[in-house]
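Below is one structure, written out as structure tokens, with a few remarks after it.
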Amino acid sequence: MNGPVLLGLLAAGSVYVARRRLILTTVDGSSMAPELASGDRVLVRRTRRPRRGRVALLRFPPLPSGAPSGGQLLLKRVVAVAGDRLPPGWAEPDVHGLGGQRVPAGCAVVLGDNRPASWDSRHYGFVPRERIVGVVVRHVPRP
């Protein structure tokens with residue numbers, strides 16, 4: 001195989017891998033302010049095992065009126081992972097009564113940085129790994 005053909009194949013393979021592993025999305029809303037503002041762009045690496053403290057892209061189930069629609073992609077900070085114990089009074093309001101419980105295997109607990117504007121684990125409860133799409137690896141603020 002000659003050099004230009006090999007380089008073309010390597011470039012095509014790299015693009016294919018990047019498209020399967022990375023997602024570019026736009027922040028819509030204020031639940032992660034001040035770190036992420038509406039209109040900012042984030043690059044997300046696909047993984048279902050985020051570490052505590054990372055911002056994750058999640059697919060949430062439907063909630064009663066006023067909540068984001070089911071299946072919507074949301075950005076939230078991972079505050080606890082499987083095996084962590086949530087202290088009593090860990091968040092207000094704690095609709096699901098998670099305080100004092102240990103995070104079950106295959107789950108995480110997430111919160112928006114801007115709590116008053118966020119629908120998160122206080123409302124949804126534990127987030128199963130299957131709903132985690134990936135973690136933010138690069139943040140591009142809007143111009």
Side-chain angles (χ1 to χ4, degrees), residues 3-4 6-143:
L6 183 58
L7 279 175
L9 288 173
L10 286 173
S14 296
V15 168
Y16 174 76
V17 169
R19 293 187 87 183
R20 294 197 35 89
R21 302 259 312 141
L22 300 171
I23 301 166
L24 181 64
T25 189
T26 303
V27 177
D28 181 22
S30 62
S31 71
M32 288 302 295
E35 183 173 336
L36 301 175
S38 196
D40 288 356
R41 303 283 299 221
V42 293
L43 187 62
V44 175
R45 180 179 47 86
R46 291 181 189 269
T47 180
R48 294 195 186 270
R49 297 180 183 272
R51 292 189 311 260
R52 193 180 311 100
R54 298 297 300 263
V55 175
L57 182 66
L58 313 154
R59 188 174 308 280
F60 270 103
L63 267 186
S65 64
S69 61
Q72 181 174 349
L73 293 173
L74 303 173
L75 291 160
K76 303 295 173 192
R77 187 167 308 280
V78 177
V79 296
V81 295
D84 290 348
R85 183 175 300 280
L86 295 171
W90 71 282
E92 294 296 330
D94 182 5
V95 174
H96 286 276
L98 302 183
Q101 293 188 43
R102 195 169 291 284
V103 180
C107 292
V109 174
V110 299
L111 292 175
D113 288 354
N114 181 8
R115 305 286 193 277
S118 181
W119 287 88
D120 46 41
S121 285
R122 296 170 300 162
H123 308 92
Y124 291 102
F126 297 118
V127 178
R129 188 179 308 158
E130 296 77 39
R131 293 202 175 275
I132 298 169
V133 176
V135 295
V136 172
V137 293
R138 182 80 61 216
H139 169 215
V140 182
R142 65 183 167 186

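Starting from 1, each residue takes its place in the sequence as its number.
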Any non-hydrogen side-chain atom of Val27 less than 4.5 Å from a side-chain atom of Met32?
no

Gap between atom [atom2] of [Y] and atom [atom1] of [X] - 0.5 Å precision:
X      : Y      : atom1 : atom2 : answer
Arg122 : Leu111 : CZ    : CG    : 6.0 Å
Arg48  : Leu58  : CZ    : CG    : 11.0 Å
Asn114 : Leu36  : CG    : CG    : 11.5 Å

CA sep, side-chain torsions, deciding dist, call: His139, Val42, side chain to side chain contact (heavy atoms under 4.5 Å, CB included)
CA-CA 5 Å; His139 169 215; Val42 293; 4.2 Å; yes

Exercise: identify the closest heavy-atom pair between [X] and [Y]:
X      : Y      : value
Leu43  : Leu22  : CD1-CB, 4.1 Å
Gly112 : Asp120 : N-OD2, 3.1 Å
Ser38  : Asp28  : OG-CA, 3.7 Å

With sequence neighbours left out, write down each residue that passes side-chain hydrogen bond (donor to acceptor under 3.5 Å, both in side chains) with [X], or none if nothing qualifies.
X      : value
Thr47  : none
Arg115 : none
Asp84  : Arg52
Ser121 : none

Starting from the C-alpha separation in whole Å, work towards a yes-or-no answer on side chain to side chain contact (heavy atoms under 4.5 Å, CB included) for Lys76 and Val109.
CA-CA 9 Å; Lys76 303 295 173 192; Val109 174; over 6 Å; no

Using the salt bridge (Lys or Arg N to Asp or Glu O under 4.0 Å) rule, collect all pairs that involve residues 32-41, keeping only residues at least two apart or in two chains.
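As it turns out, the salt bridge (Lys or Arg N to Asp or Glu O under 4.0 Å) pairs with a partner in residues 32-41, which skip direct neighbours, are Glu35-Arg77.
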
Pairwise side-chain hydrogen bond (donor to acceptor under 3.5 Å, both in side chains) hits with a residue in residues 98-109, at least two apart:
none

Tell me whether Arg54 contacts the main-chain N or O of Val136 through its side chain, where contact means a donor paired with an acceptor under 3.5 Å.
yes

Check the surroundings of atom CZ in Arg51: do more than 12 heavy atoms from other residues, nucleotides or ligands lie under 6.0 Å from it?
no

